[in-house]
Amino acid sequence: MSLHQATKSGPCRLIAVANQKGGVGKTTTTVNLSACLAEIGRRVLVVDLDPQANATTGLGIDPFAGGVSTYDVLLQNGTIPEGIVPTQIENLWVVPSTLDLAGAEIELVPAFNRERRLEVALAAVYSEFDYVFVDCPPSLGLLTVNALAAAREVMVPIQCEYYALEGLGQLMRNIELVRNSLNNDLDISLIVLVMYDSRTKLSAQVASEIRSYFGDKVCRQMIPRNIRLAEAPSHGAPVIVTHPRSRGALAYRELAKEVADGALARVG
């Protein structure tokens with residue numbers, strides 16, 4: 001299906017998916033939530049801003065295939081429309097990352113308008129989509145700042161483990177800095193609890209602590225620890241393709257319905 005054949009259903013929600021801790025389910029949530037929103041008819045674009053390109057490969061796209069990548073968009077005068085690639089999921093597209101992006105943090109330092117390059121680039125396609133998810137690298141450098149400057153919302157996946165809140169204070173301070181200097185509209189709107197293990201008291205305690213702190217920003221649906229979720233990236237597809245009846249697939253489908261409800265939307 002071409003980019004212009006599906007019908008857009010509402011105002012675009014531009015969401016940066018951020019957590020500077022690695023291995024917290026950030027890319028897993030980006031890939032699978034995007035796929036589930038596309039499955040229920042929303043038009044979704046994933047922008048892979050992580051040099052590891054895990055969202056790119058997780059959606060079945062070869063980062064070495066050539067074409068315009070997010071690196072080209074930020075530093076080589078490439079455009080987002082040139083970089084958009086369809087995935088195997090109807091209504092879901094991706095702007096892929098490549099390893100070239102690893103040097104972008106340094107290359108952006110002397111660049112003109114360095115914090116707003118992604119924002120300017122996304123303006124060309126903002127009206128085409130219901131959701132744009134920007135998968136950030138696990139750091140708080142210029143790539144993440146570009147995502148935060150462009151977004152209206154921040155989604156933070158937090159694992160239900162002992163060190164869950166480690167580094168979260170720094171992320172919140174950086175979001176506040178970006179809000180004050182670059183983007184008045186930015187807000188943490190979605191906290192997603194991932195890697196939840198119902199067999200342990202620790203998971204329940206961490207979930208309770210996060211809910212008491214963030215209130216209704218925490219999604220009701222939690223994502224369980226699930227081997228099928230862990231296996232899906234090796235197949236280059238979201239879990240709803242590889243194991244559609246697994247607990248992980250069902251959880252992300254429920255999360256997509258919750259997000260699509262609009263109750264948690266921060267649009268205005």
Side-chain angles (χ1 to χ4, degrees), residues 14-34 44-59 61-64 68-76 78 80 83 85 94-111 113-122 131-159 163-179 181-183 186 188 190-192 194-195 233 236:
L14 209 168
I15 302 171
V17 186
N19 191 328
Q20 74 266 32
K21 282 191 69 180
V24 298
K26 177 179 57 62
T27 299
T28 297
T29 295
T30 301
V31 166
N32 289 291
L33 176 57
S34 297
V44 186
L45 176 66
V46 172
V47 178
D48 191 350
L49 217 58
D50 189 338
Q52 297 177 82
N54 289 335
T56 299
T57 57
L59 289 169
I61 307 301
D62 181 2
F64 301 104
V68 172
S69 68
T70 47
Y71 172 81
D72 299 309
V73 169
L74 292 175
L75 287 155
Q76 298 293 324
I80 292 283
V85 178
V94 62
V95 181
S97 173
T98 67
L99 290 175
D100 292 336
L101 203 57
E105 296 279 4
I106 296 170
E107 293 179 64
L108 279 168
V109 171
N113 208 21
R114 63 186 184 183
E115 297 94 352
R116 295 190 181 274
R117 293 197 159 206
L118 184 63
E119 177 189 9
V120 171
L122 282 171
Y131 295 87
V132 175
F133 289 96
V134 183
D135 191 39
C136 298
S139 66
L140 294 173
L142 277 170
L143 291 174
T144 298
V145 168
N146 261 269
L148 297 178
R152 298 292 299 277
E153 307 177 52
V154 183
M155 178 169 71
V156 184
I158 300 179
Q159 77 277 39
Y163 291 111
L165 301 178
E166 185 182 71
L168 193 58
Q170 185 60 52
L171 175 63
M172 293 174 68
R173 285 189 290 274
N174 278 55
I175 289 170
E176 186 67 23
L177 286 170
V178 171
R179 183 190 294 123
S181 60
L182 294 168
N183 184 357
L186 189 66
I188 294 179
L190 297 164
I191 305 289
V192 181
V194 300
M195 303 181 191

Specify the closest pair of heavy atoms between [X] and [Y], including all atoms of both residues, with the distance to one decimal.
{"X": "V94", "Y": "P96", "result": "O-CD, 3.6 Å"}
{"X": "P157", "Y": "N19", "result": "O-ND2, 2.9 Å"}
{"X": "Q159", "Y": "A164", "result": "O-CB, 2.9 Å"}
{"X": "M195", "Y": "V24", "result": "CE-C, 3.6 Å"}
{"X": "L186", "Y": "A151", "result": "CD1-O, 3.8 Å"}
{"X": "G78", "Y": "V68", "result": "CA-CG1, 4.3 Å"}

What is the distance from atom [atom1] of [X] to atom [atom2] of [Y], rounded to the nearest 0.5 Å?
{"X": "L143", "Y": "L49", "atom1": "CG", "atom2": "CG", "answer": "5.0 Å"}
{"X": "T98", "Y": "I61", "atom1": "OG1", "atom2": "CD1", "answer": "14.0 Å"}
{"X": "F133", "Y": "I15", "atom1": "CZ", "atom2": "CD1", "answer": "4.0 Å"}
{"X": "R117", "Y": "L142", "atom1": "CZ", "atom2": "CG", "answer": "10.5 Å"}
{"X": "F64", "Y": "L99", "atom1": "CZ", "atom2": "CG", "answer": "4.5 Å"}

Going by the rule side chain to side chain donor-acceptor pair (under 3.5 Å), which residues pair with [X] if we only count those two or more places apart in sequence or in a different chain?
{"X": "N174", "answer": "Q170"}
{"X": "D100", "answer": "none"}
{"X": "T29", "answer": "Y252"}
{"X": "R179", "answer": "E176"}

>> List the residues meeting salt bridge (charged side-chain N to carboxylate O under 4.0 Å, His left out) with E107, not counting sequence neighbours, and say none if there are none.
In response: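 Listed in chain order: nothing, the list is empty.
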>> Run L74 and L101 through side chain to side chain contact (heavy atoms under 4.5 Å, CB included) and show every step you take.
In response: CA-CA 9 Å; L74 292 175; L101 203 57; 4.2 Å; yes
Can you sort out the partners of [X] under side-chain contact (heavy atoms from CB on, under 4.5 Å), two or more places apart, ordered by chain and number?
{"X": "A55", "answer": "T27, V31, V46, D48, D135"}
{"X": "R116", "answer": "N113, E119, L182"}
{"X": "P63", "answer": "A53, T56, T57"}
{"X": "A121", "answer": "V73, I80"}

> Could you walk me through whether L75 and L108 pass the side chain to side chain contact (heavy atoms under 4.5 Å, CB included) check?
Replying inline: CA-CA 7 Å; L75 287 155; L108 279 168; 3.9 Å; yes
>> Any non-hydrogen side-chain atom of E105 less than 4.5 Å from a side-chain atom of P51?
In response: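 With C-beta onward as the side chain, the pair stays apart.
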> If we only count heavy atoms from C-beta on, is the V192 to I158 side-chain gap below 4.5 Å?
Replying inline: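 Side-chain contact under 4.5 Å: no.
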>> Checking V156 against V154 for the side chain to side chain contact (heavy atoms under 4.5 Å, CB included) test, could you report, in this order, the C-alpha distance in whole Å, the side-chain angles of both residues, the deciding distance, and whether it holds?
In response: CA-CA 6 Å; V156 184; V154 183; 3.9 Å; yes
> For L45 and V95, what are the C-alpha separation, side-chain angles and deciding distance, and is it a side chain to side chain contact (heavy atoms under 4.5 Å, CB included)?
Replying inline: CA-CA 8 Å; L45 176 66; V95 181; 4.0 Å; yes
> Checking side chain to side chain contact (heavy atoms under 4.5 Å, CB included) against I188, which of I175, L168, L171 comes through?
Replying inline: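 The option that passes is I175.
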> Which one of N54, V17, V134 satisfies the side chain to side chain contact (heavy atoms under 4.5 Å, CB included) criterion with T30?
Replying inline: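 Option passing the side chain to side chain contact (heavy atoms under 4.5 Å, CB included) with T30: V17.
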Please check: side-chain N/O of [X] versus main-chain N/O of [Y], any donor-acceptor pairing under 3.5 Å?
{"X": "S97", "Y": "D50", "answer": "yes"}
{"X": "N183", "Y": "L148", "answer": "yes"}
{"X": "E115", "Y": "N146", "answer": "no"}

